[in-house]
Peer 1: 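Quick one: this structure, given as structure tokens, is what I'll be asking you about.
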Amino acid sequence: MISGVLLDLAGVLYDGKEVIPGATNAVARLHEANLPVRFVSNTTRSSKESILKQLDRLGFSVSFSELLTPAQIAREWLGQHNRSPYLLVHPDLVVDFHDVAGGDGRAVIVGDAGKAFDYLALNRAFRELIKGAEFLALAPNRTFKDADGELSLDAGAFVAALEFASQRSAVVLGKPSPAFFLSALASMQCPIAEAVIVGDDAETDIAGALRTGLARALLVRTGKYRPGDEDRFNPPPTATVNDISAAVDWILAARIREE
């Protein structure tokens, strides 16, 4: 039985500034079927508030509690562990940490800093790490689909560089961290065996969710998808479909079969 849906954002609902055809209607169909939905993004170049505004401009009605971001999880982690952040993130994301209370220790938080990834910034983060700061990665993605339609380096490469230099392993907070998926499911009281995720990243969205224990994961051929992605990572997707509309068709048909 499918009783909850996790939806990735970039590459699934929209591509750059354009809505993927049929996406708004597809999300509406999930709501009409009374299926709880959580929007789960590894985007770390935008604040949660700006993502919500972008979704609204594109025609999606998403509440604050329906959207889960790695920065949100990072804030919770800092509070739980009494740490103050050293941020190596995009300037547009800094606002999500502006009111975080200081703690007794430090934590280096690495997101997709974009042009802020320069030697000086990386070296400052490295020095914090070798002095004992905790090491948090908002997301380990290798690539993202850039504004020009081509793939670009994501934060994962820079996280790996700091891991190599500091001989420390980062704690991953976003997808594919099991805690991230489980937090999204807990917020809608959805058992893990009754959940499905839709994503365009076969490694982070699909294999990560299935390894966590989600029953189903659908890979779409939009966004960062490239031919053959469905065979590159294990576990493979439950199904590979053309787009979010086809994914919703699959979900609703499976739900009917299982009732």
Side-chain angles (χ1 to χ4, degrees), residues 1-80 89-90 92-100 111 138-139 173-175 177-192 194-201 204-205 209 212 214 216-218 220 222-223 243-245 247-248 251-252 255:
M1 183 67 179
I2 296 175
S3 58
V5 182
L6 304 183
L7 296 179
D8 186 28
L9 297 181
V12 175
L13 300 186
Y14 55 82
D15 202 345
K17 296 181 180 180
E18 301 296 326
V19 177
I20 289 176
T24 52
N25 182 60
V27 174
R29 289 167 60 206
L30 292 175
H31 288 143
E32 289 165 5
N34 294 317
L35 269 171
V37 178
R38 289 295 180 268
F39 300 84
V40 290
S41 175
N42 266 10
T43 299
T44 60
R45 285 194 176 189
S46 303
S47 68
K48 183 168 180 174
E49 189 63 34
S50 66
I51 293 171
L52 287 168
K53 289 179 179 178
Q54 178 186 15
L55 288 167
D56 184 65
R57 287 194 302 271
L58 294 174
F60 298 99
S61 179
V62 179
S63 69
F64 190 88
S65 62
E66 288 178 313
L67 174 64
L68 186 65
T69 68
Q72 179 180 339
I73 301 296
R75 286 176 55 94
E76 295 171 2
W77 191 99
L78 291 167
Q80 291 165 1
V89 300
H90 195 278
D92 291 345
L93 190 66
V94 172
V95 65
D96 276 358
F97 296 91
H98 78 281
D99 58 349
V100 172
L138 295 182
L173 300 180
K175 298 176 289 183
S177 165
F180 186 85
F181 294 117
L182 294 175
S183 178
L185 296 178
S187 73
M188 54 182 178
Q189 299 181 316
C190 175
I192 192 169
E194 298 178 12
V196 59
I197 186 170
V198 182
D200 68 328
D201 188 321
T204 302
D205 297 333
T212 298
L214 272 74
R216 305 164 182 84
L218 306 181
V220 292
T222 53
D243 54 23
I244 181 62
S245 295
V248 171
I251 291 167
L252 297 180
R255 199 168 186 236

Peer 1: Given K48 and L67, is the side-chain contact (heavy atoms from CB on, under 4.5 Å) satisfied, shown in steps?
Peer 2: CA-CA 8 Å; K48 183 168 180 174; L67 174 64; 3.8 Å; yes
Peer 1: With E32, which residues qualify under side-chain contact (heavy atoms from CB on, under 4.5 Å), at least two apart?
Peer 2: A28, R29
Peer 1: Looking only at heavy atoms, which two atoms of V196 and L214 are closest? And how far apart?
Peer 2: C-CD2, 4.4 Å
Peer 1: Roughly how far, to the nearest 0.5 Å, is OG of S187 from CG of L182?
Peer 2: 11.0 Å
Peer 1: What pairs with D99 under side chain to side chain donor-acceptor pair (under 3.5 Å), at least two apart in sequence or on another chain?
Peer 2: R75
Peer 1: Is there side-chain contact between T43 and T69, with heavy atoms separated by less than 4.5 Å?
Peer 2: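 Answer no - side chains too far apart.
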Peer 1: Ignoring hydrogens, what is the shortest heavy-atom contact between A195 and L185? Give both atom names and the distance.
Peer 2: CB-CD2, 3.5 Å
Peer 1: Looking only at heavy atoms, what is the nearest atom pair of N42 and A139, with distance?
Peer 2: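 Closest heavy-atom pair between N42 and A139: ND2-CB, 3.4 Å.
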Peer 1: Within this structure, what is the CD-CZ distance for the pair E194 and R255, rounded to the nearest 0.5 Å?
Peer 2: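 If I round to the nearest 0.5 Å, the distance is 10.0 Å.
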Peer 1: Can you tell me which residue pairs pass the ring pair (Phe, Tyr, Trp, His ring centres under 6.0 Å) test with a partner in residues 25-67, sequence neighbours excluded?
Peer 2: none
Peer 1: If you round to the nearest 0.5 Å, how far is CG of L78 from CG of L173?
Peer 2: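 Output value for this atom pair is 8.5 Å.
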Peer 1: Do any N or O atoms from the side chain of D56 and from the backbone of L52 form a donor-acceptor pair under 3.5 angstrom?
Peer 2: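 Absent.
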Peer 1: Does one side chain, of S47 or S50, offer a donor that lies under 3.5 Å from an acceptor on the other?
Peer 2: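 Distance-only check passes for S47 and S50.
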Peer 1: Do the non-hydrogen side-chain atoms of P21 and D243 ever get within less than 4.5 Å of each other?
Peer 2: no
Peer 1: Under the side-chain contact (heavy atoms from CB on, under 4.5 Å) criterion, do I51 and S46 qualify, and how do the steps go?
Peer 2: CA-CA 6 Å; I51 293 171; S46 303; 3.8 Å; yes
Peer 1: Taking the side chain as everything from C-beta on, heavy atoms only, tell me whether V95 gets closer than 4.5 Å to H98.
Peer 2: yes
Peer 1: Please name the pair of heavy atoms, one in R216 and one in M1, separated by the smallest distance, quoted to 0.1 Å.
Peer 2: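 What the structure gives for the nearest pair is NH2-N, 4.1 Å.
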Peer 1: If every non-hydrogen atom of S3 is compared with every non-hydrogen atom of C190, which pair is closest and at what distance?
Peer 2: OG-SG, 3.6 Å
Peer 1: Can you tell if the side chain of V62 reaches within under 4.5 Å of the side chain of V27, non-hydrogen atoms only?
Peer 2: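 No, their side chains stay 4.5 Å or more apart.
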Peer 1: Go through the steps to decide whether V220 and V198 satisfy the test side-chain contact (heavy atoms from CB on, under 4.5 Å), and finish with yes or no.
Peer 2: CA-CA 7 Å; V220 292; V198 182; 3.7 Å; yes
Peer 1: Side-chain contact, heavy-atom cut-off 4.5 Å: F181 with I197?
Peer 2: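 They are in contact (side-chain heavy atoms under 4.5 Å apart), so the answer is yes.
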Peer 1: Find out whether T24 and L58 are in side-chain contact, i.e. whether some heavy atom of one side chain is under 4.5 Å from a heavy atom of the other.
Peer 2: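 A side-chain contact under 4.5 Å is absent here.
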Peer 1: Name each donor-acceptor pair under 3.5 Å that joins a side chain in residues 7-20 to protein atoms two or more places apart or in another chain, with its distance.
Peer 2:
residue, atom, partner, partner atom, Å
D8, OD1, K175, NZ, 3.0
D15, OD2, K145, NZ, 2.8

Peer 1: Using the rule given for side-chain contact (heavy atoms from CB on, under 4.5 Å), can you reason through I251 versus L35, listing the C-alpha separation, both sets of side-chain angles and the distance that settles it, and then say yes or no?
Peer 2: CA-CA 10 Å; I251 291 167; L35 269 171; 4.0 Å; yes
Peer 1: Go through the structure and list residues passing side-chain contact (heavy atoms from CB on, under 4.5 Å) with R57, not counting sequence neighbours.
Peer 2: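 side-chain contact (heavy atoms from CB on, under 4.5 Å) list for R57, sorted by chain: K53, Q54.
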Peer 1: Side-chain contact test, heavy atoms from C-beta onward, threshold under 4.5 Å: evaluate it for L68 versus I73 and give yes or no.
Peer 2: yes
Peer 1: Heavy atoms only: give me the nearest A184-L6 pair and the separation to one decimal.
Peer 2: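 A184 and L6 have their closest heavy atoms at CB-CD2, 3.8 Å.
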Peer 1: Would you check if Q72 and D96 make a side-chain contact, meaning some heavy-atom pair closer than 4.5 Å?
Peer 2: no
Peer 1: My understanding is that only residues two or more places apart in sequence, or in another chain, count here; which of them pass side-chain contact (heavy atoms from CB on, under 4.5 Å) with P178?
Peer 2: T212
